[in-house]
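The structure under discussion appears below in the form of structure tokens.
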Amino acid sequence: MASLTYSSSPAQSNHPTELRIVLIGGRESNGGLKGKSSAGNFILGQNVFNTSRRTAQSEARQQEVFSRRVTVVDTPGWCWVYPREDTPKLDQIEIQNSVHLCPPGPHVFLLVIPVSLYLPELVKASLKQHLELLNADVFKIWKHTLVLFTYGDWLGVKTVEERIESDEGLQWIVNKCENRYHVLNNKDHSDKTQVKELLEKIEEMWAGNEDPYYEVELDRAFQHDSVEEGNHVCCLNRNILLFNSQRVGFWYVFQNIYIVCLLYMISEPTRSERKCKMCET
């Protein structure tokens with residue numbers, strides 16, 4: 001691999017001491033191949049993300065990798081072909097807030113795609129809509145995005161370039177990322193050069209961008225935090241209401257039984273009264 005050169009502009013040092021990565025991407029509706037969480041574990045060299053369940057909340061983990069302090073943020077996925085309106089609102093909020101877990105902003109968005117996954121035309125609209133959760137100007141996201149193909153062992157003797165050429169959806173995505181992509185063989189954890197080369201590609205992109213990292217918009221951050229806080233309050237209120245409804249339900253039933261019994265006792269004549277009435281007849 002050719003040696004990489006870095007810009008000497010004041011905004012950037014010759015070699016980044018840290019890299020901030022946000023993993024984004026869809027998921028298979030049948031819950032098939034694991035993607036982002038597994039890739040995050042591979043990059044950090046430790047099983048820090050849970051791969052046994054669907055990611056429901058964005059979470060950040062940090063490790064030293066090849067003398068760099070690497071922060072990886074895992075995010076909820078969406079169904080590749082479904083519009084954003086079909087993605088749960090809580091997942092959308094978590095995707096929005098993912099960039100706030102690695103301040104002042106990520107150096108790269110890794111768009112994680114299993115290399116065997118066929119991407120139909122519907123993917124374009126779905127991907128654009130979900131990227132808009134991060135920024136209404138999707139171009140700013142593409143500038144900091146690199147495609148990470150996972151399960152590279154699936155290729156066999158085929159090259160990743162041949163795979164891209166065979167799928168118009170992949171061609172479109174790779175073109176949007178200005179031909180930035182990398183392949184991980186998830187099964188070969190002993191090959192550490194895969195991660196090293198990935199970090200070098202991220203640094204190459206970092207050096208070539210006018211903005212070294214994607215800067216989080218503070219006003220959007222405030223809005224997202226407010227929405228998330230409001231959501232937590234709603235969840236808390238819902239739990240309180242549920243608890244109170246259970247309590248109220250119990251007392252309501254108890255009180256109604258008590259009232260019915262009282263009314264019955266009042267309206268029902270006593271045994272002596274019944275006897276007297278019977279005697280009168």
Side-chain angles (χ1 to χ4, degrees), residues 16-27 34-78 87-113 130-135 140-148 150 182 184 186 189 192 194-196 198-203 205-206 209 211-232 235:
T17 58
E18 69 169 340
L19 287 175
R20 300 181 295 275
I21 300 170
V22 173
L23 304 173
I24 58 175
R27 67 176 187 273
K34 302 295 186 295
K36 300 185 301 300
S37 301
S38 178
N41 290 338
F42 199 104
I43 294 169
L44 295 178
Q46 295 189 23
N47 293 326
V48 291
F49 296 113
N50 190 339
T51 59
S52 64
R53 55 172 173 76
R54 185 183 78 84
T55 301
Q57 292 181 317
S58 294
E59 53 184 351
R61 297 290 184 268
Q62 190 177 89
Q63 296 287 341
E64 184 171 325
V65 183
F66 292 108
S67 303
R68 304 167 180 86
R69 187 169 69 255
V70 178
T71 301
V72 175
V73 179
D74 193 14
T75 65
W78 62 87
T87 300
K89 187 61 178 177
L90 290 180
D91 285 358
Q92 294 187 41
I93 293 173
E94 289 296 328
I95 294 171
Q96 286 177 327
N97 286 330
S98 63
V99 292
H100 311 316
L101 297 180
C102 54
H107 292 98
V108 64
F109 295 96
L110 289 184
L111 180 56
V112 182
I113 304 175
H130 285 89
L131 291 183
E132 287 173 348
L133 292 171
L134 300 166
N135 194 310
K140 293 182 179 179
I141 304 299
W142 287 123
K143 280 180 56 180
H144 294 89
T145 300
L146 184 151
V147 179
L148 180 62
T150 55
H182 186 72
L184 280 185
N186 299 57
H189 288 263
K192 304 300 181 183
Q194 298 185 81
V195 175
K196 185 177 182 181
L198 171 62
L199 299 184
E200 289 174 349
K201 289 181 180 180
I202 294 173
E203 290 171 351
M205 182 190 71
W206 171 89
N209 272 338
D211 301 317
Y213 60 86
Y214 172 77
E215 188 172 1
V216 176
E217 298 178 15
L218 295 179
D219 56 338
R220 283 174 61 87
F222 175 77
Q223 293 172 7
H224 297 162
D225 290 343
S226 298
V227 170
E228 185 173 24
E229 182 180 354
N231 177 68
H232 289 317
C235 289

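The residues of the chain are indexed from 1 along the displayed sequence. Reckoned from all heavy atoms, side chains included, excluding hydrogens, waters and symmetry mates.
Residues F109 and L134 meet the side-chain proximity criterion, which asks for heavy atoms closer than 4.5 Å. The side-chain heavy atoms of S38 and T150, taken from C-beta on, include no pair separated by under 4.5 Å. Taking 4.5 Å as the limit, some side-chain heavy atom of V65 sits within range of a side-chain heavy atom of V195. In this structure the side chain of T51 reaches within 4.5 angstrom of the side chain of N41, judged on heavy atoms. With a 4.5 Å cut-off on side-chain heavy atoms, I21 and V70 count as touching. In this structure, L110 and L198 have side chains that are in contact, with non-hydrogen atoms separated by less than 4.5 Å. Taking 4.5 Å as the limit, some side-chain heavy atom of L148 sits within range of a side-chain heavy atom of L184. Taking 4.5 Å as the limit, some side-chain heavy atom of R68 sits within range of a side-chain heavy atom of E203.
Within the model, atoms CD of Q96 and OG1 of T75 stand 12.0 Å from one another, a figure rounded to the nearest 0.5 Å. Atoms NZ and CZ, on K36 and F49 in that order, are 11.0 Å from each other to the nearest 0.5 Å.
A donor and an acceptor atom, one from each side chain of T55 and S37, are located under 3.5 Å apart. In this structure, a donor-acceptor pair under 3.5 Å is absent between the side chains of T87 and Q92.
Not one N or O on the side chain of D211 forms a donor-acceptor pair closer than 3.5 Å with the backbone of Y213. Checking side-chain atoms of N135 against main-chain N and O of K140 turns up no donor-acceptor pair under 3.5 Å. S98 places a side-chain N or O within donor-acceptor distance of the main-chain N or O of I95, the cut-off being under 3.5 Å.
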**Message:** side chain to side chain contact (heavy atoms under 4.5 Å, CB included), that's the test. Do D91 and R54 meet it? Break it down for me.
**Reply:** CA-CA 11 Å; D91 285 358; R54 185 183 78 84; 2.9 Å; yes
(Q) One pair to check against salt bridge (charged side-chain N to carboxylate O under 4.0 Å, His left out): R61 and E59. What are the steps and the verdict? (A) CA-CA 7 Å; R61 297 290 184 268; E59 53 184 351; 3.1 Å; yes
*asked:* For Q63 and V48: C-alpha separation, side-chain torsions, deciding distance, then whether side chain to side chain contact (heavy atoms under 4.5 Å, CB included) applies.
replied: CA-CA 10 Å; Q63 296 287 341; V48 291; 4.1 Å; yes
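A salt bridge is defined here as a Lys NZ or Arg NE, NH1 or NH2 lying under 4.0 Å from an Asp or Glu carboxylate O, and E18 with R20 meets this definition.
The two residues W206 and H107 come nearest to each other via the heavy atoms CD1-CD2, 3.1 Å. For the pair G25 and L111, the tightest heavy-atom approach, listed with the atom from each and the gap, is CA-CD1, 3.9 Å.
Ring-plane geometry between W78 and H130 is classed as parallel, the angle between the planes falling under 30 degrees on a 0 to 90 degree scale with a further cut at 60.
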